[in-house]
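Report on the following structure.
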Amino acid sequence: MNSYDENDAFEAAAAPQPAGLSLSQRAMAARPAPYMDGLNPAQRAAVEAMDGPVLMLAGAGTGKTKALTTRIVHMLNTGRANPNEILAVTFTNKAAREMKDRVGRMMGGADGMKWMGTFHSISVKILRRHAELVGLKSNFTILDTDDQLRLLKQLIAANSIDEKRWPARMLAGLIDSWKNRAWTPEKVPSAEGSAYNNRGTELYAQYQKRLLDLNATDFGDLLLHTVTIFQTHPDILAQYQRWFKFILVDEYQDTNVAQYLWLRLLAQAHKNICCVGDDDQSIYGWRGAEVGNILRFESDFPGCHVVRLEQNYRSTPHILASASAVIAGNSGRLGKTLWTDETEGEKLRLIGHWDGEEEARWIGDEVEALQRGTRHMDPHSLDDMAILVRASHQMRAFEDRFMTIGLPYRVIGGPRFYERAEIRDAMAYFRLAISPADDLAFERIINTPKRGLGDKAQQSIQRTARDGGMPLLNGARRLLGDGGVSGKGAGQLRAFTEGMARWHEATLVPDYNHITLAEAILEESGYIAMWQNDKTLEAPGRLENLKELVKALEQFENLQGFLEHVSLIMDNTTEEQGAKISIMTLHAAKGLEFPAVFLPGWEDGLFPSQRSMDESGKKGLEEERRLAYVGITRAEKLCTISFAANRRVYGQWQSQLPSRFIDELPSAHVDILTPPGLYGGGFGAAAPAPKLEERVAQADVYNSPGWRRMQDRAAQRGTSQPREAKNTVIDLAAVSSFTIGDRVFHQKFGYGTIGGIEGDKLAVEFDKAGPKHVVAGFVTAADQSHDLPF
DNA sequence: TTGTGGGTCTTTTTT
DNA sequence: AGACCCACAA
């Protein structure tokens, strides 16, 4: 089967269409359609506005998917379009699947909706039909980032560029960003000429040529080539414009320039385009998304309907008020005011911790409390809870903690199934068996498992193949015939090429059993054995994944079909049993909702991310703020924000300041769970830090049992007694090191605070004030320390 | 050819 | 701290 053959819905367009509405359709349209029940006026308006462009500004939790799917159902039911005349585009397969499911549920099947999918999957369908116009054959392959990087490395080496100074990743990122902006090599502006040591454009052109030679595309090409075809072949564009009577776009705020052009070209004739988005949830600027697209919609499509969905069905008033207050800090918004009928609900909770481990500990306890149910909350399943972090490395502290207390968790968005090394290796074996000319697959697996074929041997294979103008696999065969490989490698290479020949034969048999074949390939190639002999910890998991892969084959008729599918669908489909708390990044959380959400790590530099602010300034900060908005609005009932005063960053302890977003939270909607003033930074607007004198007055360090214990110990050891230095302020810049509890910190603090949890011993060492001297104290419950009131 | 030790870098992620 | 990548030695 070739999926590019089955997609010929386009031909069906030539079939005569019913003129106007049928009687039954008119009857349907006349009475209020039952599927409209339960829509609010705004949603209804979004569903019914059919004459001209529509911009649906849908805030978080306002039922935009409901409006979007109902709109599709409405178009179908009123006979405005056939299922295959509606182009519905999303960004992720998950979103496409959900939309399909929901339309299917309302209509009793969404079979005819052939043009509902991601930008990329739809582009592939179009591109397969017109591949020759951009120099490809219709059975082109789609490279993943791994292949892409390997290709670029070869090019860089061939151009004798020092890959150390000019990494392939950098070039890949550059090319990707150019493709996101719909720039072919000729169109890259000369201002970009200095990129990649002045050779960026040149290498880009070479890379594109190499891709055509391989009859391959990368992900960016799928859109870029399609746009090129539309721009250079008006007749073809016109066909599609006629064909797609209505266009719907989800998450419009995340479109990049290429996608924007793609849409505008298709929509410019009839202008029946409906874009749904939320400018406040644009969080993918760093990968080319242009908030400008949504901000500009009204001038792009003059006379468009703008519908605002503002009634929120998800969150409590406190959560909405907090999210709104934070996002209000951004400028240039289209502006929305989320509101809700609900009046009940818990305030947000804000808590500071001593360090990241303490934070994880506290959240673990809190999760268990929520499971049991608390004074304020009914018992909740772990499935109802999520921890949303800014950066994926933050997830580890929680994994560690949950592992030790035996709390079931799931990490969402980790390394994806199809991106794991063992899966890609296995797929490369399948690819080579099906297409013996797939050189990239050959390179990946020729020495995996180790066959004694290192650099040298591989280079001779490359040379032989190039001289003979043949694929690498054939080159290897010829080299073997010529006796060009010696020693152990020869025997193993022969076994490999013979195996490949055998497996390739097998794929040519009509209706071959692809599952048995796949198992045979992995077994006979020695790939399974490689992992079985591997005694490292992750080996069993990898074998498990391979089994999983073979199982996934069952849903396909043959290996070809499977590979075609997998190149576009990269999501992890394995759903394990049992209730688990979810841990994921804020980015991965978009589109999801949970009754209880934890937002840890709200510290300046981490969130908002310092790098984001350094690289993109105010623009970066605003995107971070949108991320905060997304995080808070994921919560339905309970949202807990936390930060730590100290955190290990790249192996170094660093003192942290609370996030500036904490200062933007409205104090009336936030419960502070930490004694105010615990940390010098205070809680911003929610609760400003008390004056130092007040905090010193509250401190009762010297009456604590701990203080006495310290005195005892000093006496025992014959060292000097801890010095009393009450009501003095320490210049933190003079602190060279300090210890709290059993941790020692060697760091200069130009600013900030030092704190501990109750019971921590605390000692500070100075180096500026003459000879080193040490003061020591003890952290009490009342004064978990700040500017060291000794 | 394969294993190892030192140097480098460190946000977010879909297709 | 930890992952990754490359250069070098066995």
Side-chain angles (χ1 to χ4, degrees), chain A residues 89-96 117-124 142-145 148-149 153 162-165 167-170 173 176 179-180 217-224 251 254-256 258-259 282-289 356 388-397 400 412-416 418-419 421 447-459 485-489 492 565-572 584-591 601 605-616 620 623-624 626-627 630-631 647-654:
Chain A
V89 213
T90 61
F91 276 84
T92 64
N93 291 299
K94 202 170 124 216
T118 62
F119 275 102
H120 291 85
S121 68
I122 291 168
S123 294
V124 171
I142 303 162
L143 302 189
D144 56 34
T145 32
Q148 193 186 354
L149 225 50
K153 277 188 183 158
D162 179 11
E163 216 233 293
K164 200 107 198 195
R165 281 195 60 200
R169 292 192 160 281
M170 183 197 271
D176 206 49
K179 288 185 176 177
N180 283 340
T217 67
D218 61 20
F219 283 117
D221 279 339
L222 298 177
L223 284 151
L224 185 59
E251 306 277 14
D254 286 336
T255 47
N256 61 34
Q259 287 155 341
S282 165
I283 55 175
Y284 285 108
W286 48 273
R287 69 173 200 221
L388 312 183
V389 296
R390 174 64 182 84
S392 51
H393 64 76
Q394 292 172 262
M395 301 200 277
R396 225 190 116 157
D400 285 352
I412 295 183
R416 275 167 295 285
Y418 290 109
E419 278 174 11
N447 203 28
T448 313
K450 300 249 181 301
R451 296 192 173 87
L453 299 162
D455 265 1
K456 264 243 167 79
Q458 290 189 41
Q459 272 167 19
V485 196
S486 58
K488 248 193 285 178
Q492 300 218 50
H565 172 83
V566 161
S567 57
L568 281 178
I569 312 277
M570 297 291 276
D571 54 352
N572 191 350
M584 67 187 97
T585 62
L586 288 162
H587 285 88
K590 193 161 76 150
L606 182 56
F607 186 48
S609 141
Q610 191 58 49
R611 184 160 166 182
S612 176
M613 294 187 290
D614 289 347
E615 284 175 4
S616 318
E623 183 152 315
E624 297 286 310
R626 291 193 289 270
L627 221 35
V630 167
R647 198 176 284 280
R648 218 188 251 282
V649 184
Y650 302 143
Q652 290 288 315
W653 280 101
Q654 275 184 21

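Since this is a predicted model, take the numbers as computed values, not measurements. Chain naming here is simple, since letters A, B, ... match the order of the sequence lines and numbering starts at 1 in each.
Among the nucleotides B:dT11, B:dT15, B:dT13, the one closest to any side-chain atom of A:Arg611 is B:dT11. The A:Phe219 side chain lies nearest to B:dT15 when the options are B:dT10, B:dT15, B:dT12.
A:Ile412 places its CD1 atom 16 Å from the P atom of B:dT12, with the value rounded to the nearest Å. Rounded to whole Å, the distance from CD on A:Gln610 to P on B:dT10 is 15 Å. The distance between atom CE of A:Met170 and atom P of B:dT8, rounded to the nearest whole Å, is 16 Å. Atom NZ in A:Lys94 sits roughly 13 Å away from atom C1' in B:dT13 (whole-Å rounding). In this structure, A:Asp254 atom CG and B:dT15 atom C1' are separated by 13 Å, rounded to whole Å. Here B:dT11 presents its P atom at 15 Å from CD of A:Glu623, a figure rounded to the nearest Å. The separation between A:Ile283 atom CD1 and B:dT12 atom P is 13 Å, rounded to whole Å. Between the C1' atom of B:dT13 and the CG atom of A:Asp176 lies a distance of 11 Å, rounded to the nearest Å.
A close approach under 4.0 Å does not occur between any side-chain nitrogen or oxygen of A:Asn93 and OP1 or OP2 of B:dT14. Residue A:Arg390 has no polar side-chain atom (N or O) positioned under 4.0 Å from OP1 or OP2 of B:dT12. Taking side-chain N and O atoms only, A:Ser123 has no distance below 4.0 Å to OP1 or OP2 of B:dT15.
Using a 5.5 Å limit on the distance between ring centres and a 30° limit on the angle between planes, the aromatic ring of A:Trp286 counts as stacked on the six-membered base ring of B:dT12.
A heavy-atom distance below 4.5 Å is not found between the side chains of A:Lys153 and A:Gln148. Counting heavy atoms from C-beta on, the side chains of A:Asn256 and A:Tyr284 never come closer than 4.5 Å.
Legend: residues meeting side-chain hydrogen bond (donor to acceptor under 3.5 Å, both in side chains) with A:Gln394, ordered by chain and number and at least two apart, are absent. Not counting sequence neighbours, the partners of A:Pro167 by the side-chain contact (heavy atoms from CB on, under 4.5 Å) test are A:Glu163, A:Met170. For A:Gln458, the side-chain hydrogen bond (donor to acceptor under 3.5 Å, both in side chains) test picks out no residue, with sequence neighbours left out. The side-chain hydrogen bond (donor to acceptor under 3.5 Å, both in side chains) search around A:Thr448 returns none, not counting sequence neighbours. Under the side-chain contact (heavy atoms from CB on, under 4.5 Å) criterion, A:Ala588 pairs with A:Met584, A:Thr585, not counting sequence neighbours. In this structure A:Arg611 satisfies the side-chain contact (heavy atoms from CB on, under 4.5 Å) test together with A:Ser609, A:Glu615, sequence neighbours excluded. By the side-chain hydrogen bond (donor to acceptor under 3.5 Å, both in side chains) test, A:Ser121 is found to be paired with A:Thr118, residues two or more places apart in sequence or in another chain being considered. Applying the side-chain contact (heavy atoms from CB on, under 4.5 Å) test to A:Glu251 and every residue at least two apart in sequence or in another chain returns A:Lys64, A:Phe91, A:Gln253, A:Asp254, A:Lys590. Not counting sequence neighbours, the partners of A:Asp218 by the salt bridge (charged side-chain N to carboxylate O under 4.0 Å, His left out) test are A:Lys179.
Every stem involving DNA chain C, taken as at least 3 paired positions in a row under the Watson-Crick or G-U wobble test at 3.5 Å, is listed here: B:1-10 with C:1-10.
Separating the P atom of C:dC4 from that of B:dT13 is a span of 16 Å, rounded to the nearest Å.
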Annotated protein contacts, base or backbone, on nucleotides 1-10 of chain C with a non-hydrogen cut-off under 4.0 Å, one of B, S, - each: BS---S----
Grab the N/O contacts between the protein and nucleotides 2-7 of chain B below 3.5 Å, and write none if there aren't any.
{"residue": "B:dT2", "atom": "OP1", "partner": "A:Gly452", "partner atom": "N", "Å": "3.1"}
{"residue": "B:dT2", "atom": "OP2", "partner": "A:Asn447", "partner atom": "ND2", "Å": "3.2"}

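The 5' end of DNA chain B is approached more closely, in terms of each residue's nearest nucleotide, by A:Lys456 than by the other of A:Leu627 and A:Lys456.
Shortest non-hydrogen contact noted between A:Thr92 and A:Thr90 is O-OG1, 3.1 Å.
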